[in-house]
Engineer: 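Can you read through this structure? Questions will come right after.
Quick note: numbers below take in every heavy atom, side chains included, and nothing from hydrogens, waters or symmetry partners. Chain letters run A, B, ... following the sequence lines, proteins first, then strands; residues in each count from 1. Only a predicted model underlies this, so the values are computations on that prediction, with no experimental measurement involved.
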There are 2 protein chains.
Amino acid sequence: MATRRRDGQLARDRMLEEAVTAIAENGLAGLTMAGLAERLGTSGGHILYYFGSKDQLLLAALRWSEDKLAEERTAVLARRVQPPRKLDLFLDLYLPVGARDPRWMLWIELWARTAGNDELRSAQEEIDAGWQRDLAAILADGTARGAFTVDELDADTSELLALLEGLSTRVVLGLAGATRADALTAARRAAARLTGTR
Amino acid sequence: MATRRRDGQLARDRMLEEAVTAIAENGLAGLTMAGLAERLGTSGGHILYYFGSKDQLLLAALRWSEDKLAEERTAVLARRVQPPRKLDLFLDLYLPVGARDPRWMLWIELWARTAGNDELRSAQEEIDAGWQRDLAAILADGTARGAFTVDELDADTSELLALLEGLSTRVVLGLAGATRADALTAARRAAARLTGTR
DNA sequence: AAGTTTCTTGAGCGTCATTCAAACTTCAGC
DNA sequence: GCTGAAGTTTGAATGACGCTCAAGAAACTT
């Protein structure tokens with residue numbers, strides 16, 4: 001019964017990486033199964049052999065992006081810096097790197113596909129929970145050290161995350177007055193007010 | 001050159017209303033041109049005669065929904081109530097009425113279609129500007145009357161709107177702990193902090 | 001070497017938005 | 001009431017796309 005997998009995991013990863021690259025280059029609308037297959041030198045059917053559907057492929061691509069960030073986030077949490085600085089690093093990591101951030105394009109696309117798809121929904125909840133947990137840890141730590149004044153940890157964590165999501169959406173949509181820099185400024189202001197550091 | 005239109009505007013409106021109803025009933029994924037045409041007793045080609053593309057149809061449907069709300073919003077603004085109450089009415093109006101709010105499903109769908117579509121983007125900016133303007137008016141009025149303490153009107157307006165957008169997204173996605181009631185509570189809390197009424 | 005499992009392909013299917021030529025309707029001016 | 005122009009409506013055709021599936025190739029086990 002020993003695992004018989006050859007390079008399955010490898011092939012999977014290569015597909016995800018290529019998908020994310022393709023999205024960054026041509027946007028999500030330009031990503032087709034056949035097109036991605038060609039970039040990979042394989043066939044459309046083959047990609048579906050691994051992922052089952054385009055929905056699942058996109059979800060896996062989002063997970064792949066998020067997993068890389070989750071590592072960085074863990075590193076941020078472990079750093080020995082002042083709470084405000086740590087919170088700032090968190091904001092930095094959460095917000096899209098720019099208007100064409102593939103991770104955020106994937107979020108938005110998956111939101112649109114979520115209606116009535118319980119698996120997508122719970123996957124998103126799971127990813128979200130990671131951010132929630134780590135942000136709560138930062139806020140709790142800052143409070144314990146007397147650097148922050150947070151009255152309701154859970155509510156404040158959710159609120160800040162919801163705000164970050166809203167700001168991120170606007171950056172990725174490319175709305176006027178919503179560059180990454182603008183979003184970062186707004187996020188810092190809100191964070192400062194929320195933590196009582198102002 | 002006198003206008004020759006028969007009931008064109010009427011037909012258009014009927015299509016939009018039916019589209020929104022269909023979305024509320026079966027979700028956006030279930031909305032096809034052929035399906036909508038059948039509900040209307042007409043043909044798919046006919047709908048496109050008026051709207052040109054499905055993107056445009058959805059945008060028009062969003063505008064139609066937003067226009068109805070804009071009227072209510074104007075009514076709210078005109079009411080002679082205390083600023084905190086007025087702000088509360090605003091939050092009430094902005095947030096989705098429930099997880100299947102067609103207006104918000106349209107927003108999310110259009111976000112996904114916005115990439116590289118300048119017309120969609122600027123239309124969204126325009127709609128957004130309406131909310132922004134009216135919220136800023138409420139905050140400014142409250143400040144003038146000494147009920148609110150708002151230090152940077154524009155920044156605070158944008159911040160609250162971004163938060164509302166984030167909260168709304170979660171409600172419509174049906175994430176755990178994100179009912180309309182939850183979102184309303186969170187919005188009120190944030191608004192109170194923002195306006196210094198706490 | 002044979003058997004089993006995993007991998008890979010590509011033709012074909014069904015669904016969908018969109019196009020378009022043709023037919024139908026309305027209306028102004030006569 | 002006729003005519004031509006403008007506006008409206010249809011539905012068949014088109015092309016793109018996600019997805020299925022049967023068949024075969026490759027790798028691994030014994």
Side-chain angles (χ1 to χ4, degrees), chain A residues 1-16 18-19 22-23 26-62 105-106 109-110 112-117 119-120, chain B residues 1-16 18-20 22-23 25-62 105-106 109-110 112-117 119-120:
Chain A
M1 188 47 111
T3 32
R4 199 66 76 81
R5 212 177 271 144
R6 277 205 297 278
D7 54 351
Q9 193 54 47
L10 221 119
R12 240 185 88 103
D13 272 8
R14 205 170 68 90
M15 289 176 183
L16 294 177
E18 191 65 33
I23 291 167
N26 311 318
L28 244 162
L31 187 78
T32 65
M33 288 295 162
L36 179 56
E38 197 182 354
R39 287 179 73 119
L40 289 161
T42 180
S43 65
H46 189 37
I47 301 175
L48 288 169
Y49 170 74
Y50 281 110
F51 297 99
S53 72
K54 193 179 180 184
D55 276 17
Q56 292 295 326
L57 167 69
L58 296 179
L59 176 57
L62 175 60
M105 291 199 253
L106 280 164
E109 179 70 27
L110 285 166
R113 292 169 183 253
T114 293
N117 186 330
E119 192 183 353
L120 280 190
Chain B
M1 189 44 113
T3 32
R4 198 67 78 80
R5 217 177 266 145
R6 279 205 297 277
D7 53 353
Q9 194 53 47
L10 222 121
R12 241 185 88 102
D13 272 8
R14 206 169 66 91
M15 289 176 183
L16 293 177
E18 191 66 33
V20 170
I23 290 167
E25 282 173 16
N26 310 318
L28 244 162
L31 186 78
T32 65
M33 290 311 227
L36 178 58
E38 197 182 354
R39 288 179 73 119
L40 289 161
T42 180
S43 64
H46 188 35
I47 301 175
L48 286 170
Y49 171 74
Y50 280 110
F51 297 99
S53 72
K54 195 179 181 185
D55 276 17
Q56 292 296 325
L57 167 68
L58 296 179
L59 176 57
L62 175 61
M105 292 197 254
L106 281 165
E109 180 70 26
L110 286 166
R113 292 169 182 254
T114 293
N117 186 330
E119 193 182 353
L120 281 190

Engineer: Looking at C/dA17, I'd like to know if its phosphate oxygens (OP1 or OP2) sit under 4.0 Å from a side-chain N or O belonging to B/S53.
Structural biologist: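 No, because none of the side-chain N or O atoms of B/S53 sits under 4.0 Å from OP1 or OP2 of C/dA17.
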
Engineer: In the structure I gave you, are the side-chain heavy atoms of B/L59 and B/Q56 within less than 4.5 Å of one another anywhere?
Structural biologist: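 Yes, side chains in contact.
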
Engineer: Of all of residues 26-36 of chain A, which get a heavy atom below 4.0 angstrom from DNA chain D, listed by number?
Structural biologist: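 Of all residues in residues 26-36 of chain A, the ones placing a heavy atom under 4.0 Å from DNA chain D are A/L31, A/T32, A/M33.
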
Engineer: Between B/K54 (NZ) and C/dT19 (P), how many Å, whole number?
Structural biologist: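 Going from NZ in B/K54 over to P in C/dT19 covers 15 Å.
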
Engineer: When you measure from the side-chain N and O atoms of A/Y49 to the phosphate of C/dT8, is any distance below 4.0 Å, counting only OP1 and OP2?
Structural biologist: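 So the side chain of A/Y49 is outside the cut-off, no N or O lying under 4.0 Å from OP1 or OP2 of C/dT8.
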
Engineer: In whole angstrom, give the distance that lies between atom CZ of A/F51 and atom C1' of D/dG18.
Structural biologist: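 Distance check: A/F51 CZ to D/dG18 C1' gives 15 Å.
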
Engineer: Atom CD1 of B/I47 and atom C1' of C/dT19: how far apart are they, to the nearest Å?
Structural biologist: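 These atoms are roughly 15 Å apart.
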
Engineer: Do you know which two heavy atoms are closest between B/F51 and B/M15, and how far apart they sit?
Structural biologist: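 Minimum heavy-atom separation between B/F51 and B/M15: CE1-SD, 3.7 Å.
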
Engineer: Minimum heavy-atom separation for A/G44 to A/A37, with atom names?
Structural biologist: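 For A/G44 versus A/A37, the nearest heavy atoms are N-CB, 3.4 Å.
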
Engineer: Rounded to the nearest Å, what distance is computed from the CG atom of residue B/L40 to the P atom of nucleotide D/dT8?
Structural biologist: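 Taking atom P of D/dT8 as the reference, CG of B/L40 is at 16 Å.
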
Engineer: Give the minimum heavy-atom separation between A/L58 and A/L110, together with the two atoms involved.
Structural biologist: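 Heavy-atom minimum between the residues: O-CD1, 3.8 Å.
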
Engineer: Compare every heavy atom of A/K54 with every heavy atom of A/T32, then report the nearest pair and how far apart it is.
Structural biologist: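 Here A/T32 and A/K54 meet closest at CA-NZ, 4.4 Å.
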
Engineer: Side chain of B/L48 only, please: which of D/dT9, C/dT18, C/dT9 is the nearest?
Structural biologist: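 Shortest atom-to-atom distance from the side chain points to C/dT18.
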
Engineer: Atom pairs under 3.5 Å, N or O on each side, protein against nucleotides 21-23 of chain D: can you list them with distances?
Structural biologist:
none

Engineer: Starting at atom NE2 of A/H46, determine the distance to atom P of C/dT6, rounded to an integer number of angstrom.
Structural biologist: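 Between P of C/dT6 and NE2 of A/H46: 14 Å.
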
Engineer: Side chain to side chain contact (heavy atoms under 4.5 Å, CB included) with B/D55: which residues, sequence neighbours excluded?
Structural biologist: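 With sequence neighbours excluded, B/D55 shows a side chain to side chain contact (heavy atoms under 4.5 Å, CB included) to B/S53, B/R113, B/N117, B/L120, given in chain and number order.
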
Engineer: Between C/dG10, D/dT9, D/dC19, spot the one nearest the side chain of B/Y50, thanks.
Structural biologist: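 Looking only at side-chain atoms, B/Y50 lies closest to D/dT9.
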
Engineer: Would the number of heavy atoms belonging to other residues, nucleotides or ligands and lying under 6.0 Å from CD of B/E38 be above 12?
Structural biologist: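 No - once you tally the heavy atoms of other residues, nucleotides and ligands closer than 6.0 Å, there are 12 at most.
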
Engineer: Evaluate the criterion side chain to side chain contact (heavy atoms under 4.5 Å, CB included) for residue pair B/L31 and B/L36; output intermediate values, then yes/no.
Structural biologist: CA-CA 7 Å; B/L31 186 78; B/L36 178 58; 4.2 Å; yes

Engineer: If you take all heavy atoms of A/L28 and A/M105, which pair is closest and at what distance?
Structural biologist: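 Minimum heavy-atom separation between A/L28 and A/M105: CD1-O, 3.2 Å.
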
